[in-house]
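So you know, we letter chains A, B, ... as the sequences are listed, proteins then strands, and number each from 1. Since this is a predicted model, take the numbers as computed values, not measurements.
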There are 2 protein chains.
Amino acid sequence: MSGGGLTIGDAAARAGLPVKTVRYYDEAGLVRPARGANGYRVYGETEVHKLAFLRRARGLGFSIEACRALLSLYEDHGRASADVRRLALDRVAQIDDKLAELQELRQVLVELVDACQGDTRPDCPILDRLSGEAGS
Amino acid sequence: MSGGGLTIGDAAARAGLPVKTVRYYDEAGLVRPARGANGYRVYGETEVHKLAFLRRARGLGFSIEACRALLSLYEDHGRASADVRRLALDRVAQIDDKLAELQELRQVLVELVDACQGDTRPDCPILDRLSGEAGS
DNA sequence: CCTTGACCTTCCCGTTACGGGAAGCCCCAC
DNA sequence: GTGGGGCTTCCCGTAACGGGAAGGTCAAGG
């Protein structure tokens, strides 16, 4: 009872993360716990909060590097909210790029699917397109 | 001149792929060229067509395994177009899942961004949300 | 004939964010 | 003291290649 020191298992449970992930965040330098005399990682409340923070940030799709930036802003009480906002906007832009790409692919695929009879015969506009017969 | 045999570099150029990728497709068993006496890969027209086919299929986001299936249907002249269509529909479903996920994330992020002043002050609803203050 | 330079070969590492599993130490309960 | 957890580190695998090293080959030019 050294005053609330948690083992990695307990910390992970409280943060809602797998132990492996918590260990990864340590190795990645995101949340570095103290070490006990036995070599065990020792997590305090602060670390647990950071882990939960990371869980939510990752849930929004922020990369580990973006999380590192967010975490440092989180800990910097003199931060400018504009910096946080910029990171979020970057993420939105990323998502928008991906959305546009996927929507384009979807469009093409649906057109091909619609053009294909989908029966037992071998004639297939999808394969024609893939084989280079410049459909549409 | 053994009648049209291409080296990997020429085959890759004709198919519009990087040499590394073509080598990878060989190793993955997608397009296995013959080998010359010197150990060089030798590509014929058929292989080049298959490589171009793969380039287009990959461009539509089909995984290597899906490409393997598509390629075998492409080569099977007795195929049923329904099988091809199914693969394409699977891909559409995959895309739809991803689109839904990204749209949800985008929604949340945009709300947070809109709620954030983005000035020089430290108050930030984005960080509040990430730190667990259940905003909205 | 020999050399350059551009090709080709294989092999290995790095990418993203972990998950699985092995080998070995530690600790608590019975 | 003897389990059976939980902890440690380390290594491999993921998808689909890209980068680069070490070494063999080939066609052209001097």
message = With side chain to side chain contact (heavy atoms under 4.5 Å, CB included) as the criterion, how do A:Val31 and A:Asp26 come out once you've worked through the C-alpha distance, each side chain's angles and the decisive distance to 0.1 Å?
response = CA-CA 5 Å; A:Val31 180; A:Asp26 176 8; over 6 Å; no

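- Residue order along DNA chain D, read from the 5' end via each residue's closest nucleotide, puts A:Val19 first among B:Thr21 and A:Val19.
- Atom OH of A:Tyr24 is separated from atom C1' of D:dT9 by 17 Å (rounded to the nearest Å).
- A single hydrophobic cluster is not seen to contain both A:Tyr40 and A:Tyr24; linkage of ILVMFWY side chains at heavy-atom distances under 4.5 Å, directly or through other members, places them apart.
- Counting to the nearest Å, the P atom of D:dA15 and the CG atom of B:Leu30 are 13 Å from each other.
- Between A:Leu51 and the options A:Leu30, A:Thr21, A:Thr46, A:Val22, a side-chain contact (heavy atoms from CB on, under 4.5 Å) holds for only A:Val22.
- In terms of position along DNA chain D, the nucleotide closest to A:Arg41 lies nearer the 5' end than the nucleotide closest to the other residue of the pair B:Asn38 and A:Arg41.
- Judged by distance alone, the side chain of B:Glu111 and the main-chain N or O of B:Val108 form no donor-acceptor pair under 3.5 Å.
- In this structure, B:Phe62 places its CZ atom 17 Å from C1' of D:dA15, rounding to the nearest Å.
- Straight-line distance from the OH atom of B:Tyr40 to the P atom of D:dG24: 12 Å, rounded to whole Å.
- Comparing A:Ile64 and B:Lys20 along DNA chain C, the residue whose closest nucleotide (by nearest heavy atom) sits nearer the 5' end is B:Lys20.
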Which side-chain N or O atoms in residues 93-106 of chain A pair as donor and acceptor under 3.5 Å with protein atoms at least two apart or in another chain?
| unit_1 | atom_1 | unit_2 | atom_2 | d |
| --- | --- | --- | --- | --- |
| A:Gln94 | OE1 | A:Arg91 | NH1 | 2.6 |
| A:Asp96 | OD1 | B:Arg106 | NH1 | 2.6 |
| A:Asp96 | OD2 | B:Arg106 | NH1 | 2.7 |
| A:Arg106 | NH1 | B:Asp96 | OD1 | 2.6 |
| A:Arg106 | NH1 | B:Asp96 | OD2 | 2.7 |

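- Regarding B:Glu27, its CD atom lies at a distance of 13 Å from the C1' atom of D:dA15, rounded to whole Å.
- With a cutoff of under 4.0 Å to any heavy atom of chain A, the contacted region of DNA chain C is bounded 5' to 3' by C:dA17 to C:dC27.
- Rounded to 10 degrees, the angle between the two end axes of the helix from C:dC1-D:dG30 to C:dC30-D:dG1 is 40°, with five pairs used at each end.
- Here the C1' atom of nucleotide D:dA15 and the CZ atom of B:Arg58 are 8 Å apart, to the nearest Å.
- A side-chain donor-acceptor contact under 3.5 Å links A:Asp119 and B:Ser81.
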Side-chain donor/acceptor pairs under 3.5 Å, residues 5-19 of chain A, sequence neighbours excluded:
none

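- Under the salt bridge (Lys or Arg N to Asp or Glu O under 4.0 Å) criterion, the residue pairs touching residues 48-64 of chain B are B:Lys50-B:Glu75, with sequence neighbours excluded.
- Residue B:Tyr25 is in sugar-phosphate contact alone, with no base atom involved, counting any heavy-atom pair closer than 4.0 Å across all strands shown.
- Counting to the nearest Å, the P atom of D:dC17 and the CZ atom of B:Arg55 are 13 Å from each other.
- Proximity of A:Arg23 to the phosphate of D:dT8: a side-chain N or O atom is located under 4.0 Å from OP1 or OP2.
- Remark: B:Glu65 pairs with B:Arg68 by the salt bridge (charged side-chain N to carboxylate O under 4.0 Å, His left out) rule, at least two apart or across chains.
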